[in-house]
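Below is one structure, written out as structure tokens, with a few remarks after it.
Order of appearance sets the numbers: ligands from 1, and atoms from 1 within every ligand. Treat the numbers as computed from the prediction; the structure is a model and nothing was measured.
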Amino acid sequence: MNDPIITCSDVCIAYGRQEVLHSVNLQIPRGIFLPFTGPNGSGKTSLLRAMLGLVPIRRGKIDTPFRQTPAGYVPQHRVIDPLYPISVRQIVEMGLSAERRLFRPLTSRQKQAVVHALEELGMAEHMQKTFRELSGGMKQKVLIARALVRQPDIIIMDEPTSELDEQSEHDVLEHLMKLNQNDGKTVLMVHHDLELAGTLTDTICRVGRGRAEIVKLNGGAADA
Ligand SMILES: Nc1ncnc2c1ncn2[C@@H]1O[C@H](COP(=O)(O)OP(=O)(O)OP(=O)(O)O)[C@@H](O)[C@H]1O
């Protein structure tokens, strides 16, 4: 087993009086491709957002490396739909804001990284369009490109393929698998389709009934 890159110890997440997750203990190994599955409302998004520090935890402790090395994060796309006519290129450039000097133009390497990230998702030809004129699936691909442009070690995606057609879903998942297998990236991804998740990996994080645990799909205990 690789070293854990994220450790949750006795974590409780609650909104007001509703306790969504009770006592979560997880050790997520570096370099894993880990789908998070479970029923609607079971707390998958809350758990991932708590790891990112975006949702406060009521009890327990979460250790992550995100202060030193921020994760690439793709939220559920419907939370981002700017009225301001921002372009596809500008959305992806936002992914470089942590490494970019304020008000400085992009370096040629950064410009290339933006084009490359869009090319990988088959979206380079739409670079000059405004984000709001894209379809749901195209928006999703642009947000994935934004998360990947900085080449983060850890990628966290909340249903990255929910609005994609079958071919695009296949392409995006294949791209993520390549990043995992060839480049050693850790990929955590909410995905509803357990069957499809099972074609990608034999280890998942199952969330439900207030719990979250890493399990082998064939029923064995995960050594992760
Ligand atoms: N900001 C919030 N304020 C209050 N309750 C919330 C908030 N965010 C989530 N919840 C509640 O927490 C529970 C878990 O929600 P969460 O979105 O984490 O589940 P999920 O497993 O990701 O669901 P889905 O599969 O539908 O996306 C739900 O009952 C939801 O209503």
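Inclusion of G41 in the set of residues having an N or O under 3.5 Å from an N or O of ligand 1 is warranted. Note: an N/O pair closer than 3.5 Å links G43 and ligand 1 by distance alone.
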Donor-acceptor pairs under 3.5 Å, side chain of residues 65-73 to any protein atom, not counting sequence neighbours: which ones?
from, atom 1, to, atom 2, distance (Å)
T69, OG1, P65, O, 3.0
Y73, OH, R49, NH1, 3.1

List the atom pairs, donor and acceptor, that lie under 3.5 Å between side-chain atoms in residues 114-125 and the rest of the protein, sequence neighbours left out.
from, atom 1, to, atom 2, distance (Å)
H116, NE2, E120, OE2, 3.3
E120, OE1, H175, ND1, 3.4

Test side chain to side chain donor-acceptor pair (under 3.5 Å) applied to E169 and H191, step by step = CA-CA 11 Å; E169 173 166 46; H191 205 286; 3.1 Å; yes
ask   = For L21 and R211, what are the C-alpha separation, side-chain angles and deciding distance, and is it a side-chain contact (heavy atoms from CB on, under 4.5 Å)?
value = CA-CA 6 Å; L21 291 165; R211 309 259 165 225; 5.9 Å; no
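Closest heavy-atom approach to atom 21 (O) of ligand 1 among the candidates K44, Q18, E19: K44.
Residue contact check for ligand 1: P39 places a non-hydrogen atom closer than 4.0 Å to it. Heavy-atom separations between G38 and ligand 1 are all 4.0 Å or longer. Residue R49 places no heavy atom under 4.0 Å from ligand 1.
Judged by distance alone, the side chains of D165 and S168 do bring a donor and an acceptor atom under 3.5 Å apart. A side-chain donor-acceptor contact under 3.5 Å links Q140 and S162.
The proximity of T45 to ligand 1, defined as any non-hydrogen pair under 4.0 Å, involves the side chain as well as the backbone.
In this structure, OG1 in T37 is found 12.5 Å from CD in E195, a value given to the nearest 0.5 Å.
The distance from ligand 1 to the heavy atoms of E159 drops below 4.0 Å at these ligand atoms: 27 (O). Taking a cut-off of under 4.0 Å to the non-hydrogen atoms of H192, the atoms of ligand 1 that pass are 25 (O).
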